[in-house]
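Remarks on the structure that follows.
First listed ligand is number 1; within each ligand, the first listed atom is number 1. Here, residue 1 is the first one in the sequence, and each next residue gets the next number. As a basis for the values below, the full set of heavy atoms in this structure was taken, side chains included, without hydrogen atoms, waters or symmetry mates.
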Amino acid sequence: MSQARTQPQDDPAKVAAFEARIAAGESIEPKDWMPERYRRQLIRMMSQHAHSEIVGMLPEGNWITRAPSLRRKISLIAKVQDEAGHGLYIYCGTETLGVDRAELVQQLLDGTAKYSSIFNYPTLSWADMGVIGWFVDGAAIVNQTVLAKASYGPYARAMIRICKEENFHKRQGYEIVAVLANGTPAQKAMIQDAVNRWWWPSLMMFGPSDADSPNTAELIRWKVKRRTNDELRQRFVNLTVPQAAAVNLTLPDPELRYDADTENWHFGPIDWDEFNQVIRGNGPCNRERLEARRRAHDEGAWVREAASAYAAKQRAKQASEAA
Ligand code: FAQ
């Protein structure tokens, strides 16, 4: 495993003390000294995560007006609102590292910051709402349960809270899946089609294979990541295969088979060309997603101005009362 890249300005004695704290399993808090590289890695990962939650509202938001019943509409609205909350919560966590949220949001709008590849795929039918809850929230839980033990305190604590809600989302999604899978032939075909379209992109959510993941070694060494991309992807497959069988749905992989020696479900090759295209901005919906975020940002300008004016007024009032 490669050595973590500290910055030249980092004092070696401080780096050694920091690494001893990490090795001892201590939590690093905002006011603690940390290597500049650790801080930058966390800003990168946490801000991408926050952007993913915010952009992740768009594919499901597309179906709020077309939910098949009032009950489904209410629960979908609640789920999308939860995702907004997660995004804001993680932006707050990122700000504890000394970066301004406006700067991070600008990076998203400029197209210079990444967000999860999965949200660049279209939601073509109601069944996609079930499969997103089942696969996408399911994948997020596998990834984030481990991040709840990350060495940076604010991120770890955010993950504990967020995972509780993601669990609820997953159950809600799987329930939609189960209803459709036990429905009419047309409903069953619709849910199988959604499974076929979302399976491989869901596996890509875990990131490149370990051999091609430039950040993993350093993040594992600093106990930000506690498992590699491939380990988490395998865990997700192992958990999901029996869930698909339970509702009589097939996963679109002819190579899927249980390997008794490793106790893992072996799966076929992932199309990394597709993944690389999507993360470079050339996925099916990248352009649409960024346009939607830019439009929402512009339309929200008056809210930000009003909130700033109100905050300035409050500060002036408090200052005059204190004088
Ligand atoms: N999409 O060296 P690695 C959710 C980038 S939240 C796009 O392996 P790392 C909730 C990576 O950033 C989903 N880019 O990177 C929800 C890096 O680029 P950079 C988001 C990807 O950081 C549910 C480059 O490739 N979750 O779903 C992806 O060690 C339902 C090399 O990769 C998180 O963000 C990808 N899939 O591992 C919302 C969790 N994978 O920055 C709505 C926190 C990799 O060097 C509805 N993040 N890249 O230019 C993580 O766990 C990690 O950052 C990974 C990537 C695993 C995503």
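Tested against Asp137 for a side-chain hydrogen bond (donor to acceptor under 3.5 Å, both in side chains), the candidates Gln144, Lys170, Lys79, Gln172 yield a single pass: Lys79. Partner of Lys223 under the side-chain contact (heavy atoms from CB on, under 4.5 Å) criterion, chosen from Arg221, Lys225, Arg226: Arg226.
Proximity of Leu219 to ligand 1, defined as any heavy-atom pair under 4.0 Å, is confined to the side chain (atoms from C-beta onward). Of the heavy atoms in Phe119, only side-chain atoms (C-beta onward) come closer than 4.0 Å to ligand 1. Counting heavy atoms under 4.0 Å from ligand 1, residue His49 touches it through both backbone and side chain. Heavy atoms of Met204 found under 4.0 angstrom from ligand 1 belong exclusively to the backbone. Contact annotation for Phe275 and ligand 1: only side-chain heavy atoms (C-beta onward) come within less than 4.0 Å of the ligand. Contact annotation for Tyr155 and ligand 1: only side-chain heavy atoms (C-beta onward) come within less than 4.0 Å of the ligand. When non-hydrogen atoms are compared, ligand 1 lies under 4.0 Å from the side chain of Asn229 (C-beta onward) but not from its backbone. Of all the heavy atoms of Leu147, the ones lying under 4.0 Å from any atom of ligand 1 belong exclusively to the side chain. Under 4.0 angstrom from ligand 1, the non-hydrogen atoms of Lys79 all belong to its side chain.
Ligand 1 lies nowhere less than 4.0 angstrom from a heavy atom belonging to His86. Ligand 1 does not have Met57 within reach: every non-hydrogen atom of the residue lies 4.0 Å or more from it. Residue contact check for ligand 1: His169 places no non-hydrogen atom closer than 4.0 Å to it. Ligand 1 has Lys225 within reach: a non-hydrogen atom of the residue lies less than 4.0 Å from it.
Using cut-offs of 30° and 60° on the angle between ring planes, the pair Phe206 and Phe236 is tilted.
The shortest N or O to N or O distance between Gln48 and ligand 1 is below 3.5 Å. Residue Ser52 has no nitrogen or oxygen atom sitting less than 3.5 Å from a nitrogen or oxygen atom of ligand 1, judged on distance alone. Any N or O atom pair closer than 3.5 Å counts here, and Glu53 shares no such pair with ligand 1. Residue Gln144 has no N or O atom closer than 3.5 Å to an N or O atom of ligand 1. Among the atoms of Pro214, some N or O lies under 3.5 angstrom from an N or O of ligand 1.
For Trp222 and Gln41, the side-chain atoms include no donor-acceptor pair closer than 3.5 Å. Between the side chains of Asn196 and Gln192, a donor-acceptor pair is found at a separation under 3.5 Å.
Scanning the protein for heavy atoms near atom 22 (O) of ligand 1, the closest one is Arg44 NH2, 2.8 Å. Met45 CG, 3.4 Å is the protein heavy atom nearest to atom 53 (O) of ligand 1.
With respect to the salt-bridge test (charged N to carboxylate O, under 4.0 angstrom), the residues Arg287 and Glu291 do not qualify. A salt bridge does not link Arg37 to Asp10: none of the charged side-chain nitrogens sits closer than 4.0 Å to a carboxylate oxygen. Between Arg197 and Asp193, at least one side-chain N (NZ, or NE/NH1/NH2) sits under 4.0 Å from a carboxylate O, which counts as a salt bridge. Between Arg72 and Glu175 there is a salt bridge, since at least one side-chain N of the basic residue sits less than 4.0 Å from a carboxylate O of the acidic one. Between Arg21 and Glu29, none of the side-chain N atoms (NZ, or NE/NH1/NH2) sits under 4.0 Å from a carboxylate O, so this pair counts as no salt bridge.
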